Amino acid sequence: MKTRTRFAPSPTGYMHIGNLRTALYEYLIAKASGGDFILRIEDTDQKRYVEGATEIIYNTLKTVGMNWDEGPDIGGNFGPYVQSERKDLYAPYAHKLVELGGAHYCFCGEREEQYDEDGNEIICKFEDPCKKIPLEEAKKRVASGEPYVIRQTINKTGKSKYEDKVYGIIEIDYDELDEGVLLKSDGFPTYNFANVIDDHLMEITHVVRGNEYLPSTPKYNLMYDTFGWQRPVYVHLPTVMKDAQHKLSKRNGDASFQDLVAKGYLPEAIINYIALLGWNPGTEEEIFSIKELEKIFSVDRLNKSPAIFDIVKLTWMNGVYIRSLEATKFHELALPYYKDVPSNVDMQALSSVLQPRIETLAQISEQVDFIISVPNYGAELYINKKMKTDVDVAKGILPEIKSVLQQQKEWTNESLFESLKSLAEKLGVKNGQVLYPARIALSGKETTPGGATEIAVILGKEETLKRIEQAIAKLA
RNA sequence: GGUCCCAUCGUCUAAUGGUUAGGACAUCACCCUUUCACGGUGGUAAUAUGGGUUCGAAUCCCGUUGGGAUCACCA
């Protein structure tokens, strides 16, 4: 049978990293066996609906390359794929479940307190008195227009048992299960019900979701069993944590996918990183494209303990991706970050020095400041023990550098380096005694991306000479 | 609190009864080098704890401790 998995987010306007990882594993489980990946929007809670949220979901999935085979926008044989459009479909199943004895009508409403004959408080979800109302009577009350919900009926004896692909056998006493609401008084299903109906109707073979559903899964199994439907394969995923105590969450202000992208992380790197948060290939390789993951992914290698999201490692991995980019591609991605850079600057050259030095695109801004304008600096910047330079060395060498550069015909890194190196030889000084002062004069910074000659190339001849002259004037 | 789940370097993880407990990030040192990066080499660093079972336990069992999840007309 063809594997079918589904990603079923609710449109809250935010693509959480944990959700993205769940989607990724759902996608990979399907694709690893040539199956289908389905997108379903779960918007039964109208209060939480956020405008534009579905677009964020579409865009995120598209930019990371998780293409869905069926979904609200492209349709499919099992639509509609938005739960609110499926509204009318659930109630008949709920009523049918009542007929089958798996659920009952409850008229308690939202009234606060009820007590039985012994004065004990009645809590419907635990043991609903309404389930004792004869079915015929309950149906009459429903027909007469009395408000009601449909609650799951649970026989509180015995133990439930099921197998999860990552956690193994899970056993829970039926007594622990709540008689929860399946169909709300507004006629909408709750997640607990809609999810079972939809997964069955859409022929989902593998239900993949966060492990917070581990304890409620027996309730879903009861429904599958009562309807006589085959239970899906369960794959419950461990939580993605922010630290040892807290899960990653919107409430804590933790980064979403879009936040990370805005900070200059590449979608490919994000996907690669989160794929490894709770899964490993069994080899020592760790750089994978989503296409490669599709080939090697296997549920067996999913981990069951929670994993802490480590931005430091993601950042390293992002650096790996940035470095492996084609130079032209990198330049294209870097361009938006050059908006304050003067147009006479050689931006291609800038990109080539930046590419091996940054780990996120946002770091470009910090690296590029001195290109825009020379920061204020004191003469003591020329003092460097290792390079054997000080203010006097700089005073002596800068005019020499100026005249060499003025005569320089070919303005490339190699030829500039050659020229300055032979200047050092001619004067009998160390290379650093020429190059270090030159870099300070050109950048006003102790450390820069690239060396003096690379900066000169980026700046161009005119600006380079201008900066050297300014530095000489400053020292005079 | 009841129930369920989890537990290997700081972090992500490998090792499914026999390994000097391996790799990656981070960190430290050194090398390379016109600074900074990149790259290279090496180091520090882990089986939470107490009992079993076994010739042998990170691995299997029980307890303890620690952590997480769940107990809505939210998903």
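Note that the structure is predicted; figures quoted are calculated from it, not measured. Below, chains carry the letters A, B, ... as their sequence lines are ordered, and counting in each starts from 1.
Against RNA chain B, the stretch residues 418-427 of chain A makes no heavy-atom approach under 4.0 Å. Residues from residues 159-171 of chain A that place a heavy atom under 4.0 Å from any atom of RNA chain B, listed by number: A:Tyr167, A:Ile170, A:Glu171.
At the heavy-atom level, A:Gly319 lies nowhere under 4.0 Å from the strands shown.
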Show which side-chain atoms of residues 416-439 of chain A pair as donor or acceptor with protein atoms under 3.5 Å away, not counting sequence neighbours.
residue, atom, partner, partner atom, Å
A:Ser419, OG, A:Gln408, OE1, 2.6
A:Ser419, OG, A:Ser415, O, 2.9
A:Ser422, OG, A:Glu418, O, 2.9
A:Ser422, OG, A:Ser419, O, 3.1
A:Gln433, OE1, A:Lys430, N, 3.0
A:Gln433, NE2, A:Lys388, O, 2.8
A:Tyr436, OH, A:Asn384, ND2, 3.3
A:Arg439, NE, A:Thr448, OG1, 3.3
A:Arg439, NH2, A:Glu446, O, 2.8

Would you mind writing out the side-chain donor-acceptor pairs for residues 366-380 of chain A within the sub-3.5 Å range, not counting sequence neighbours?
residue, atom, partner, partner atom, Å
A:Asp369, OD1, A:Lys445, NZ, 3.2
A:Tyr377, OH, A:Tyr382, OH, 3.4

Item checked: A:Tyr105 and A:His95: CA distance, side-chain angles, deciding distance, side-chain hydrogen bond (donor to acceptor under 3.5 Å, both in side chains) verdict -> CA-CA 9 Å; A:Tyr105 300 104; A:His95 292 285; 2.6 Å; yes
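In terms of the ring-ring contact (aromatic ring centres under 6.0 Å, His included) criterion, residue partners of A:His236 (sequence neighbours excluded) are, by chain and number, A:Tyr234. Residues passing the salt bridge (Lys or Arg N to Asp or Glu O under 4.0 Å) test with A:Asp254, sequence neighbours excluded: A:Lys242. The salt bridge (Lys or Arg N to Asp or Glu O under 4.0 Å) search around A:Asp310 returns none, not counting sequence neighbours. Annotation: salt bridge (Lys or Arg N to Asp or Glu O under 4.0 Å) contacts of A:Lys219 (sequence neighbours excluded): none.
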Tabulate protein N/O versus nucleotide N/O from nucleotides 14-16 of chain B, keeping only pairs under 3.5 Å, one per line.
residue, atom, partner, partner atom, Å
B:A14, OP1, A:Asn280, ND2, 2.4
B:A14, OP2, A:Asn303, ND2, 3.4
B:A14, O3', A:Arg301, NH2, 3.3
B:A15, OP1, A:Arg301, NH2, 3.3

Report all interatomic pairs (protein N or O, nucleotide N or O of nucleotides 61-67 of chain B) with separations under 3.5 Å.
residue, atom, partner, partner atom, Å
B:G67, O2', A:Ala244, O, 3.2

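The cationic group of A:Arg231 does not satisfy the cation-pi geometry with A:Tyr162, failing either the under 6.0 Å distance to the six-membered ring centre or the 45° limit from the ring axis.
A donor-acceptor pair under 3.5 Å is absent between the side-chain atoms of A:Glu463 and the main chain of A:Gly460, judged by distance alone. Under a 3.5 Å cut-off, the side chain of A:Trp316 and the backbone N or O of A:Glu359 do not form any donor-acceptor pair. Side chain of A:Asn318 to main chain of A:Leu266: a donor-acceptor pair is present (N/O by atom type, distance under 3.5 Å, no hydrogens or angles).
The distance from atom CG of A:Leu302 to atom P of B:C5 is 18 Å, rounded to the nearest whole Å. Note: OH (A:Tyr174) to C1' (B:C4) measures 15 Å, nearest angstrom. Between the CD1 atom of A:Ile287 and the P atom of B:A24 there is a distance of 12 Å, given to the nearest Å.
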Next item on the list: Assign a letter to each nucleotide of nucleotides 34-40 of chain B from its 5' end: B, base within under 4.0 Å of a protein heavy atom; S, sugar-phosphate only; -, no contact.
Entry: BBBBSS-
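Side chain A:Tyr213 to base B:A75: a donor-acceptor pair is found below 3.5 Å. Not a single donor-acceptor contact under 3.5 angstrom links the side-chain atoms of A:Lys313 to the base of B:A26.
Applying the salt bridge (charged side-chain N to carboxylate O under 4.0 Å, His left out) test to pairs two or more places apart or on separate chains, those with a residue in residues 189-201 of chain A are A:Arg6-A:Asp199, A:Arg40-A:Asp198, A:Arg40-A:Asp199, A:Arg86-A:Asp198.
In this structure, B:C25 forms a base pair with B:G10, meeting either the Watson-Crick or the G-U wobble geometry with both donor-acceptor distances under 3.5 Å.
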